[in-house]
**Q** 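Okay, handing you the structure first.
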Amino acid sequence: MNEYDSSRMVDLMQEAYGLRLVADPADADVILMNTCSVREKAEEKVYSELGRYRLIKEERPDLIIGVGGCVAQQEGERIMQRAPFVDMVFGPQSYHKLPEMVKQVRRDRVQLTETDMPEIEKFDHLPKAGKTGHSAFVTIMEGCDKFCTFCVVPYTRGPELSRPVADVLDECRDLLARGAVEITLLGQNVNGYLGLSPDGEEWDFTMLLYAVAELDGLIRLRFTTSHPMEMSDGLVDAFAEIPQLMPYLHLPVQSGSNRVLKAMHRGHTREQYLDMIVRLRKACPGIALSSDFIVGFPGETDTDFEDTLALVRQVEFDSAYCFKYSPRPGTPAASVEDGVPDVVKDERLQRLLALMRESSHARYRRQVGKMAHVLVEKTSRTDGDMQGRTPDFKIVHFEGNARQTGRVLPVKIIRAYGQSLRGEQVLNHDG
Ligand code: SAH
Ligand code: SF4
């Protein structure tokens, strides 16, 4: 999501001022930093990075420095108090104002802070996306109303807001017309989508999926992130019914313990999650599953943690992001006293990661000998081979050539590594 926001900022600055991206901050006229505060240490990273930019600004006082994203939303003017050479601070819902802010900073050399959560849609103020690759992202909704007790997102990105159906479809059409073949719909809780359609009805996420899938030129459709609580039957069925919808789902569960899930305010039980997985695999037998986990949530006991391990064994995820809990300012969980000691968190994280490695290796190994349709993405940095993705989102390296980028090729999987596969192109292909 932050990458998407960053690329939209680039589009904006390009449209307004003809600015383009440079590789080295020392060459920049404007430096924008996009930040994430979902886990701790983000603020400290921001200030240490800013220290480097200060040196550049000492050489070139005209340089404009802006800090955006969730750390900016949370810290607001405190950023300028600690780093007085910063010109602009802007939250994730107000970056459409950047061109205006830059103009004012240039003209009046003032310091500006924009952390309102405006009701108007920032998307109405964004230019069409600039360059697009073969795989493109489209934000369909913003913010979150779930208020999980550990999470800062509802405070930094504001309430859930869905873009109108026509806007989403137009943006997709535009990207497809310019060469995209794969679209990933983005949002904190995409399956909470409720958007206004042209005939005044409210469309849910599943209806939107069917409509996007029908657009000319779309070969692959994906979405992220979805919430287990809002996995409707219709959405589960969509995996069986929409050929363009790829067999991969990121469905964060956070914990396998009912006690912890309740304290986290996740709104579902372990059993409900497992039942969902059964239904998904029934609808789409080969579906790859990934998830997010937090270890060391306040009050998490050894037994709770064992429940998480048992859930991981039972589901067999293809991949997962595992995090140590860190208290976030202003969240309910941050005020709970009985935190789990850091050494225990570390130990649990290591055990979870080890189990996850086993689980994902098993899933990757199972691909060996099979055929996969690979969407070729780019030349691989490591070995000069081509790199692409299987329908279930696994990276495949194979010998090919750069002209194949953007095509879907049949590849035979011959070897599995930790997080990637090795394949061989099958001749006589239809790609
Ligand atoms: N909307 C998504 C998650 C967005 S945040 C969802 O509900 O699943 C991405 C991930 O960061 C979360 O799934 C969670 O695993 C992790 N995370 C969020 N807050 C955290 C915290 N305080 N400490 C550790 N990990 C956290
Ligand atoms: Fe955070 Fe929960 Fe919202 Fe996900 S659903 S963004 S974890 S509050």
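Atoms considered below: every heavy atom in the structure, side chains included; atoms not considered: hydrogens, waters and symmetry mates. For reference, positions follow the sequence shown, starting with 1.
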**Q** Can Lys97 and Glu114 be counted as an ion pair, charged N to O under 4.0 angstrom?
**A**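 Salt bridge present between Lys97 and Glu114.
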**Q** Let me know which of Ser226, Ser291, Ser290 forms a side-chain hydrogen bond (donor to acceptor under 3.5 Å, both in side chains) with His250.
**A** Ser290
**Q** Only counting residues at least two apart or in another chain, list the ones meeting ring-ring contact (aromatic ring centres under 6.0 Å, His included) with Phe90.
**A** none
**Q** Enumerate the side chain to side chain donor-acceptor pair (under 3.5 Å) contacts for residues 350-359, please, sequence neighbours excluded, ordered by first and then second residue.
**A** Glu306-Arg351
**Q** Would you say the rings of Phe317 and Phe293 are close, in the sense that their centroids are separated by under 6.0 Å?
**A** yes
**Q** I need the full list of ring-ring contact (aromatic ring centres under 6.0 Å, His included) pairs touching residues 383-407, with sequence neighbours left out, sorted by first then second residue.
**A** Tyr248-Phe393
**Q** Please say whether the positively charged group of Arg82, taken as NZ for Lys or CZ for Arg, lies over the ring of Tyr47, i.e. under 6.0 angstrom from the six-membered ring centre and within 45 degrees of the axis.
**A**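 Judged by the rule (NZ or CZ under 6.0 Å from the ring centre, within 45° of its axis), Arg82 counts as positioned above Tyr47.
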**Q** Taking C-beta and beyond as the side chain, do Val89 and Met80 meet within less than 4.5 Å on heavy atoms?
**A** yes
**Q** Mind checking what makes salt bridge (Lys or Arg N to Asp or Glu O under 4.0 Å) contact with Asp233, not counting sequence neighbours?
**A** Arg279
**Q** Does the side chain of Met386 reach to within under 4.5 Å of the side chain of Thr379, using non-hydrogen atoms?
**A**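 Yes. Closest side-chain heavy atoms under 4.5 Å.
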**Q** Assign the ring pair Phe239 / Phe223 to parallel, tilted or perpendicular, where the plane angle (0 to 90°) is split at 30° and 60°.
**A** tilted
**Q** Can you confirm whether Asp302 sits close enough to Asp304 that some side-chain heavy atom of one is under 4.5 Å from a side-chain heavy atom of the other?
**A**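 In short, these two side chains do not touch, never coming nearer than 4.5 Å.
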**Q** Going by side chain to side chain donor-acceptor pair (under 3.5 Å), name the residues that satisfy it together with Tyr364, two or more places apart in sequence or in a different chain.
**A**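 With neighbours one apart ignored, the set is empty.
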**Q** Quick one: are Thr308 and Val295 in side-chain contact, heavy atoms under 4.5 Å?
**A**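 Thr308 does not reach Val295 side chain to side chain.
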**Q** With sequence neighbours left out, which residue pairs that include part of residues 170-181 fulfil the side chain to side chain donor-acceptor pair (under 3.5 Å) condition?
**A** Tyr4-Glu171, Arg163-Glu171, Asp170-Arg173, Asp174-Arg178
